[in-house]
There are 2 protein chains.
Amino acid sequence: MLDLWTLQILAAVGRLGSFSAAAGELSMTQPAVSRQIATLERRTGVRLFERLPRGVRPTGAGRAAIEQAGRVLGEVALFETRMRDHATGRAGRVRVSAFPSAATSYVPERFRAFAALHPDVELSLTVGGDPGAAVVAGEVDVALLTSWDTPPKGVEVLPLLEDELLVALARDHPLAGGESVRLRELAAERWIDGTHPDCLGPVSRLAAALGGPPGISHVCDDWNGRQGLVAAGVGVMLYPAMAGAVRSDIRLLRPSPRLSRSVYAVSLPSPGAAVRAFLSVLARPA
Amino acid sequence: MLDLWTLQILAAVGRLGSFSAAAGELSMTQPAVSRQIATLERRTGVRLFERLPRGVRPTGAGRAAIEQAGRVLGEVALFETRMRDHATGRAGRVRVSAFPSAATSYVPERFRAFAALHPDVELSLTVGGDPGAAVVAGEVDVALLTSWDTPPKGVEVLPLLEDELLVALARDHPLAGGESVRLRELAAERWIDGTHPDCLGPVSRLAAALGGPPGISHVCDDWNGRQGLVAAGVGVMLYPAMAGAVRSDIRLLRPSPRLSRSVYAVSLPSPGAAVRAFLSVLARPA
DNA sequence: GAAAGGCATAAGCTGCGCGCATGCTTGACC
DNA sequence: GGTCAAGCATGCGCGCAGCTTATGCCTTTC
């Protein structure tokens with residue numbers, strides 16, 4: 001097998017035109033260089049240098065070898081810089097999986113903040129599927145979960161924020177006038193829910209606040225669709241504050257008592273520098 | 001310093017997804033692979049593989065490393081291919097220096113014959129200068145000399161052919177009618193000569209045939225120019241048979257007694273395979 | 001619960017490559 | 001022309017890197 005050190009010696013000899021000079025530059029002795037070149041010539045079966053009284057001169061094959069050695073060493077240098085970039089977090093890739101309401105406003109804002117700090121790190125986002133399973137399967141590096149989810153075993157959990165849940169009512173709803181609404185007054189409403197993971201959460205908690213189990217009449221997984229349902233007066237829903245603004249024919253009211261869910265980032269233990277950096281951006285207060 | 005063997009192990013692990021499998025493919029043991037990867041990870045400061053219960057999986061940095069290692073190994077393979085080509089004479093470069101009259105017909109024909117056999121060898125020709133000196137200086141690989149030249153010390157001399165020298169007369173010259181001409185009849189002619197290396201040769205020999213020293217009235221180093229002088233009836237000249245055809249208003253006659261010069265190829269001792277192949281093409285009878 | 005597959009670690013050994021010392025050739029200088 | 005200096009080749013001994021063997025630990029599977 002060829003050796004990179006041999007190629008480095010070859011390049012130095014080609015550049016300096018002398019075994020002794022190359023040896024000096026590479027902090028080794030002239031005999032070592034001589035042996036290396038001789039071995040390389042024996043293994044390739046080609047004379048690479050003509051030995052002159054004053055140094056050496058590359059043959060045609062020697063010139064080609066020096067040139068090609070330079071290309072190899074260039075790729076090696078690229079290898080080392082890439083690895084250094086990965087080690088320092090300058091380069092890399094962070095694959096994120098998030099639930100839909102996080103993708104509306106929170107994740108894009110954090111992506112922008114991270115990209116400003118680490119322009120060479122590639123970001124990708126997946127919405128949907130099972131974020132926790134994707135992490136343990138290695139399909140994504142970071143998954144955002146809510147307290148409705150149970151994080152899988154063997155992952156690191158980083159609490160990010162407490163996301164308040166608001167009540168979304170049609171603009172012309174009788175209770176839509178104030179800033180807040182007593183949940184008990186919504187006991188008879190028809191509720192809109194999703195299957196996963198932005199749903200109402202543990203129904204037991206909501207039932208306690210309502211004074212009874214909510215009547216879930218509609219199921220829709222898309223937030224735009226849900227907004228349409230609410231605006232049409234078909235039902236009411238909980239809307240996470242982190243999802244941002246809603247259409248103008250919907251009012252968001254703070255429920256009383258307040259409701260909230262926690263948002264976590266989960267990742268495999270001891271992640272790479274890029275993922276570590278991304279987690280630190282996530283954890284930084286907005 | 002990075003090691004190519006390490007990169008090869010890295011590539012195998014990336015391809016097979018397992019230390020054990022890579023070890024088997026590379027005819028080594030699993031601990032050796034484990035140590036190599038661990039050392040590489042320590043030196044780069046990046047975790048390259050996640051260790052799973054069933055084999056390993058590359059991290060983001062690992063994927064980048066495997067990819068770049070592939071590029072390095074590709075260049076190395078190219079290195080080895082090129083060296084093999086040079087060893088077998090399939091690739092290479094032959095720089096030739098020739099005197100003007102050889103460049104007219106002989107060298108082009110030999111170049112074409114050689115190129116048919118070795119299409120990947122680069123050929124180049126230099127006419128003029130001191131061919132012998134160019135060989136010892138390493139500027140060219142093969143020089144064509146005539147017996148008028150004295151080959152320098154320390155080169156290999158390969159006799160190629162005996163080049164007959166003809167007498168060129170204007171078409172309307174009184175002696176231009178036959179096939180040959182007695183040199184003694186040309187004793188009073190005005191001779192055209194060049195400075196080097198296609199000149200009359202040792203004047204002593206010509207003088208003996210002429211019955212006295214030739215009267216050299218014109219000196220021109222260009223064969224086209226000389227032909228013009230001869231055609232105009234300004235003088236006569238010797239014309240090497242290897243130079244090929246002349247313009248139609250000139251007659252070539254065989255002198256009596258015959259004159260000739262030897263043509264040699266000289267090269268440095270123990271040349272590369274490409275040069276050796278070229279010399280064998282030169283030496284092959286036309 | 002036991003067995004097997006796979007990675008990590010420890011210990012010992014081998015071989016490759018380096019440094020040191022020396023010889024040889026060639027060109028330069030007085 | 002004789003001596004010196006520069007530079008490459010070679011022989012010898014040694015140190016270190018990396019491999020093999022042996023073993024342990026963890027996880028999965030039957």
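Residue numbers start from 1 in every chain, and the chains themselves are labelled A, B, ... in the order their sequence lines are given, proteins ahead of strands.
For the OP1/OP2 pair of D/dC8 and a distance below 4.0 Å, the side-chain nitrogens and oxygens of A/S34 include no atom meeting the criterion. Under 4.0 angstrom from either OP1 or OP2 of D/dG7 there lies no side-chain N or O belonging to A/R51. Taking side-chain N and O atoms only, B/Q36 has a distance below 4.0 Å to OP1 or OP2 of D/dC19.
Side chains of A/L10 and B/F79 form a contact here, defined as non-hydrogen atoms less than 4.5 Å apart. Under the 4.5 Å side-chain criterion, counting only non-hydrogen atoms from C-beta, B/V135 is in contact with B/L268. Inter-residue side-chain proximity for A/P31 and A/F19 is flagged as unmet; no heavy-atom pair is nearer than 4.5 Å.
Spacing between atom CD of A/E50 and atom C1' of D/dA9 amounts to 17 Å, rounded to whole angstrom units. A straight line from CG of A/L52 to P of D/dC8 spans 9 Å, rounded to a whole angstrom. Rounded to whole angstrom, the span from the CZ atom of B/R57 across to the P atom of C/dG6 amounts to 16 Å. Rounded to whole angstrom, the span from the CD atom of B/E41 across to the P atom of C/dC7 amounts to 13 Å. Remark: P of D/dG18 and CE of B/M1 are 13 Å apart, rounded to the nearest angstrom. One can place CZ of B/R47 at 11 Å from C1' of C/dC7, the figure rounded to the nearest angstrom.
Taken residue by residue, residues 3-25 of chain B places heavy atoms nearer than 4.0 Å to DNA chain D at B/W5.
Shown here for A/S20 and A/Q30, the closest heavy-atom pair between the two residues is OG-CG, 3.8 Å. Summarising the geometry of B/S267 relative to B/D141, their closest heavy-atom pair is CB-O, 3.3 Å, with the distance given to 0.1 Å. Residue B/L4 comes nearest to A/L2 through the heavy atom pair CD1-O, 3.7 Å, listed as atom of the first residue, atom of the second, then distance. In terms of heavy atoms, A/L145 sits closest to A/G132 at CD2-N, 4.1 Å.
In this structure, B/V33 reaches neither bases nor backbone, as no heavy-atom distance under 4.0 Å exists between it and the strands shown.
Residue B/R63 qualifies as enclosed at atom CZ: its count of foreign heavy atoms under 6.0 Å is above 12.
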- Message: One character per nucleotide, please: for nucleotides 20-30 of chain D, 5' to 3', B when the base has a protein heavy atom closer than 4.0 Å, S when only the sugar-phosphate does, - otherwise.
- Response: BBB----SS--

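Judged as a salt bridge (charged side-chain N to carboxylate O under 4.0 Å, His left out), and not counting sequence neighbours, the contacts of B/R51 are B/E41.
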